Amino acid sequence: MGCEEYGDWTKMLLDWETECVPRLPEFCEQAGLPATAQGFVARLKTRLTETAAAVDAGYPDNQDLVIDPATGTPSLKARRGTERAASAEVLDAELERRLPARPVLEHLARAAHWTGWWHRFGPLSGSDPKLKDPLSRYVITAFTYGCNLGPAQAARHMRGSVTAHELGAIAQRHVTARSLGRAGADVIDAYMLLDLVAAWGDGSVAAVDGTMMDTVIDNLLAETSIRYGGFGGIAHHLVADTYIALFSRFVPCGAWEAVYLIDSLLANESSVQPGTVHADTQGQSFPVFGLACLLGIDLLPRIRNFQDLTFHRPDPSVRYRHIDALFSADPRTAVNWKLIEKNWPTLMRVALSVKEGTVSSVTLLRRLNNRSHKNETYQVFREVGRAVRTVVLLRYLSEPSLREQITRATNKAEAYNGFTKWLAFGNHGLLTSRDPEQQEKSVKFLDLVASSVIFSTAIDMSSVLREMASEGWAIRPEDLAVISPQRRANVLRFGDYDTDGLHIPPSPYNPALNLGDGDAAT
């Protein structure tokens, strides 16, 4: 543990001449970047220059932004949140009344039959599983560990259909963190094919957020969190605008969550690859902004302390009529374009190495921190990050629609945190394992349960909506857009768990809405 803090990560980088240069054209095309140092600097400088000029010109018409003329401190007037329409409330209530109530196990089994996620599991040797009815056994195991029941407690409530030893052996010998990620991706890919999901988003926007997971003491990753107020670790989620998590992992409380943002995006194995990512204040730093830019990711976090941050000029001599007080008067804080151009090969080499997986973005961003001021690699990433963050801050202050989008995305991530906590109802929400690998698997098991429940619920919602439309209900797209599939009334968590019918395939589902002239999917 902690060896990456001392090892030479630069030895993990691809060789510039033999490995990077041949890959450079394709990489730059995919990331939407110019393939030369001069072109990269010119585009980034133009972007910062034009954004600052546009915000300055639009300041008199900006009704939300106020800059104190004495101190230069910016502030944003509070906006009243948009309330759900009465028609959306009626539709939501009718859906809740009509949706069938299903146990968590049934939701899991339906998703397993429809997507085949259970095929991702099996003995680590690669041989066929020597299990009677492997689908049912893998569904029960996912339920046991995803809902945090533990094998002993789960076996007691399953009327002798499975033993605690069998559940523990399956989780240990048949399931890995990687196979759990692939199983979750199977559910996500099927979920995205539902017409109803298009009412919520297309997966191009996502948000990262962490939530506290309480653990027992005396283990390697858990610690006391000042921010969350408890002892344990963090379940770090990448949640799409469609309400479903694309990737999750278990991280220590003391870690700066921003270092895991890029890694979550790269580790996501589903077909949903968001290009715009939102986060809270913990999800940003200069190196993170810089690396996100190089990978073609539009990182747009919600930054609470923007009043205390430095805005960096594109040129020391440039001045603005209305917003000049936002920028530092110190010419040394202007973006150093010459340093970026000189070290452009280093930027590309690092970005290519992260993309190819020879160096972890987590390792890189841990090392490129505020203690690295004399490190030239940190310095050039800092300069790129200064330019990108200034653009983001200017957009945040001048675009109400962007602030609303960030709020929506981060609210969905927080709602997912709440939904997973609700599903992890066993052992009073306490994660009992001290093994880091098992802690990671617990988070991914929970993701698989949550994704399966969301997918199964969305299918039920589609069926009910078609039924309502046939009865003459007027279902508006704007009402569907604010109704979440993370529903609780139709999910039964407690009682004895009937495992007898898990092997029986459910009826095929219809992914289409077919709501007639007012089809919300359009």
Side-chain angles (χ1 to χ4, degrees), residues 81-115 187-205 239-245 272 404 408-409 411-412 414-416 418-420 422-423 449-493 501 504-522:
T82 303
E83 296 183 358
R84 292 209 302 184
S87 55
E89 296 288 353
V90 172
L91 178 61
D92 197 20
E94 186 64 14
L95 273 172
E96 183 160 322
R97 187 182 72 82
R98 296 192 185 206
L99 281 173
R102 304 183 189 276
V104 176
L105 266 173
E106 184 180 352
H107 282 295
L108 263 171
R110 277 157 52 100
H113 281 287
W114 284 327
T115 69
V187 179
I188 294 166
D189 291 345
Y191 174 75
M192 292 299 298
L193 296 177
L194 302 178
D195 280 358
L196 177 58
V197 174
W200 302 318
D202 59 5
S204 62
V205 177
V239 182
D241 55 3
T242 55
Y243 290 99
I244 202 163
V272 184
E404 291 171 1
R408 282 196 304 271
N411 284 349
K412 287 181 179 180
E414 290 170 359
Y416 183 83
F419 189 63
T420 52
W422 183 77
L423 283 173
V449 172
S451 297
S452 296
V453 171
I454 290 170
F455 174 54
S456 175
T457 299
I459 290 172
D460 282 340
M461 291 173 67
S462 297
S463 178
V464 170
L465 288 167
R466 286 194 298 269
E467 177 185 287
M468 293 171 63
S470 68
E471 296 172 5
W473 279 74
I475 301 174
R476 306 189 308 162
E478 53 267 36
D479 291 341
L480 280 184
V482 296
I483 294 177
S484 168
Q486 296 169 1
R487 312 184 72 86
R488 305 185 184 187
N490 71 314
V491 181
L492 306 178
R493 298 182 296 167
I504 302 174
S507 301
Y509 65 90
N510 183 0
L513 273 179
N514 298 327
L515 300 183
D517 295 337
D519 194 334
T522 62

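Because the structure is a prediction, the values reported are computed rather than measured.
- For the pair Leu91 and Met468, the minimum side-chain heavy-atom distance is below 4.5 Å.
- The minimum heavy-atom distance between Ala469 and Ile475, with the atom names listed, is N-CD1, 4.2 Å.
- Separating the OG atom in Ser462 from the CG atom in Asn514 is a distance of 10.0 Å, to the nearest 0.5 Å.
- Put simply, OG on Ser484 and CG on Asn411 are 11.5 Å apart, with the number rounded to the nearest 0.5 Å.
- Ile483 places a side-chain heavy atom less than 4.5 Å from the side chain of Arg84.
- Residues Trp422 and Gln486 are not in side-chain contact: their nearest non-hydrogen atoms beyond the backbone lie 4.5 Å or more apart.
- Using a distance-only test at 3.5 Å, with no hydrogens or angles considered, no donor-acceptor pair links the side chain of Ser456 to the main chain of Val453.
- The shortest heavy-atom contact between Ala489 and Ala101 is O-CB, 4.4 Å.
- Here the side chain of Tyr243 pairs no donor or acceptor atom with the backbone of Ile454 at under 3.5 angstrom.
- Although no hydrogens or angles enter the test, the distance criterion places no donor-acceptor pair under 3.5 Å between the side chain of Arg408 and the main chain of Asp241.
- Val272 and Gly203 make their closest contact through CG1-O, 3.4 Å (heavy atoms, listed as atom of the first residue, atom of the second, distance).
- With rounding to the nearest 0.5 angstrom, the OG atom of Ser463 is 9.0 Å from the CG atom of Leu99.
- Here the side chain of Asp195 pairs a donor or acceptor atom with the backbone of Leu513 at under 3.5 angstrom.
- Taking 4.5 Å as the limit, some side-chain heavy atom of Leu95 sits within range of a side-chain heavy atom of Leu465.
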Checklist entry - After noting the C-alpha distance and the side-chain angles of Val464 and Glu94, does the key distance pass the side chain to side chain contact (heavy atoms under 4.5 Å, CB included) rule? => result CA-CA 9 Å; Val464 170; Glu94 186 64 14; over 6 Å; no
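- Judged purely by atom type and a 3.5 angstrom limit, Trp114 has no side-chain atom pairing as donor or acceptor with the backbone of Val187.
- With salt bridges taken as basic N to acidic carboxylate O contacts below 4.0 Å, one links Arg102 and Asp460.
- For the pair Tyr191/Thr115, no side-chain contact is recorded, criterion being any heavy-atom separation below 4.5 Å from C-beta on.
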Checklist entry - Stepwise, does the side chain to side chain contact (heavy atoms under 4.5 Å, CB included) test hold for Glu467 with Trp473? => result CA-CA 9 Å; Glu467 177 185 287; Trp473 279 74; over 6 Å; no
Checklist entry - Which is it for Ile244 and Phe455 under the side chain to side chain contact (heavy atoms under 4.5 Å, CB included) test, yes or no, and what are the steps along the way? => result CA-CA 9 Å; Ile244 202 163; Phe455 174 54; 5.5 Å; no
Checklist entry - Could you walk me through whether Thr457 and Arg487 pass the side-chain hydrogen bond (donor to acceptor under 3.5 Å, both in side chains) check? => result CA-CA 8 Å; Thr457 299; Arg487 312 184 72 86; over 6 Å; no
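- Of all the heavy atoms in Met461 and Trp200, the pair that sits closest is CE-CZ2, 4.0 Å.
- The main-chain N or O of Ile459 is never found under 3.5 Å from a side-chain atom of Arg110 such that the two would form a donor-acceptor pair.
- Residues Leu193 and Pro511 approach most closely at O-CB, 3.8 Å, considering heavy atoms.
- Closest approach of Val239 to Lys412, counting heavy atoms only: CG1-O, 4.1 Å.
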Item to check | side-chain hydrogen bond (donor to acceptor under 3.5 Å, both in side chains) evaluation trace for Arg476 with Ser87 | outcome: CA-CA 8 Å; Arg476 306 189 308 162; Ser87 55; 3.0 Å; yes
